[in-house]
Amino acid sequence: TVGEISGKVGTVADIAAGIAADPTPGGEFAQTLRDALAGVNERYQGLREGYAGVREVVLSLIDKLDALDRLIPAITIPQGPIDALNTFDTRVREFDAKVNDLLTIEPGQGPVNQAAAKIADAAGAIDAKLASLQEGITKVDDRIAQLRTDIANTADTVVLVINLVTILLILLLVWLTLLHWILFRHSGEIRRKTVPA
């Protein structure tokens, strides 16, 4: 989705730069710019929804780790995913501001070529932020993958410990049962020996 937004922003920048260079653009260019901006807005909303989904997954995984931490005190929650998410939140807020700067420009107010110049500048600022946003997405994805691996490993360890404890308890019960049976049999023999004939 970031690539699609980058393409849309590039298209807007190209259209706007062409219109800005024309000293007397016609009225239809304002609508062309509006249409191009609408395409950016549509792709951007898709990116925001995708980000909300990723954020929800990360927070859900962190909640699961918190639950495991409460059950088993030896587990430590890795800070990597939380730090990556916080950094990514900051990048998304910066990107939001740049996109809003672009989307709030109205090409129909004032000379179209001046509005187009503003749009071209705003699109350039967005394009600069897109690389940072893509890097943030990659880091969050990597941290999520690592977090999932950590959770799976922790769960496997917990299951192994539970199984070992269960086996030890069963062996202890078998040993106690056997000991009880031996003592019971032996006590019978002792009673027979102590009874006078």
Side-chain angles (χ1 to χ4, degrees), residues 1-8 41-100 126-197:
T1 306
V2 172
E4 292 174 354
I5 290 177
S6 181
K8 292 285 185 184
N41 188 37
E42 178 185 331
R43 294 294 180 206
Y44 176 65
Q45 294 308 319
L47 177 70
R48 287 295 284 150
E49 289 169 13
Y51 166 66
V54 167
R55 191 172 200 288
E56 191 174 309
V57 167
V58 172
L59 292 176
S60 170
L61 289 172
I62 291 169
D63 286 344
K64 288 177 185 175
L65 276 182
D66 281 337
L68 278 174
D69 186 36
R70 284 190 297 275
L71 291 173
I72 305 162
I75 294 174
T76 56
I77 299 171
Q79 280 298 114
I82 297 168
D83 294 342
L85 189 63
N86 289 338
T87 301
F88 189 61
D89 274 342
T90 302
R91 289 179 183 182
V92 168
R93 280 194 297 276
E94 291 170 356
F95 187 71
D96 274 343
K98 296 296 181 188
V99 171
N100 286 331
I126 288 173
D127 204 33
K129 291 288 180 190
L130 279 171
S132 173
L133 198 64
Q134 183 61 58
E135 180 188 341
I137 289 170
T138 302
K139 282 185 179 177
V140 170
D141 282 345
D142 291 345
R143 300 286 195 221
I144 288 173
Q146 184 60 48
L147 187 58
R148 283 186 173 145
T149 302
D150 291 347
I151 288 174
N153 290 341
T154 301
D156 289 346
T157 302
V158 168
V159 167
L160 179 63
V161 168
I162 289 171
N163 288 340
L164 288 175
V165 168
T166 303
I167 290 169
L168 287 173
L169 287 175
I170 290 171
L171 289 174
L172 179 62
L173 287 173
V174 167
W175 182 77
L176 288 173
T177 303
L178 185 61
L179 183 62
H180 183 71
W181 180 76
I182 289 171
L183 290 174
F184 180 74
R185 297 263 309 174
H186 186 63
S187 68
E189 290 174 10
I190 292 173
R191 271 185 267 141
R192 279 194 298 271
K193 289 180 182 177
T194 58
V195 174

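Sequence positions, counted from 1, serve as the residue numbers for this chain. As the structure is a prediction and not an experimental result, all values here were calculated from the model.
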Distance-only check: which donor-acceptor pairs under 3.5 Å involve side-chain atoms of residues 162-169, not counting sequence neighbours?
| from | atom 1 | to | atom 2 | distance (Å) |
| --- | --- | --- | --- | --- |
| Asn163 | ND2 | Val159 | O | 3.4 |
| Thr166 | OG1 | Ile162 | O | 2.7 |

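- Here Leu178 contributes atom CG and Leu173 contributes atom CG; the two are 12.5 Å apart, rounded to the nearest 0.5 Å.
- Scored by the side-chain contact (heavy atoms from CB on, under 4.5 Å) test, Leu172 finds Trp175, Leu176 as partners (sequence neighbours excluded).
- When the side-chain contact (heavy atoms from CB on, under 4.5 Å) test is applied to Asn41, the partners found at least two apart in sequence or on another chain are Gln45, Leu103.
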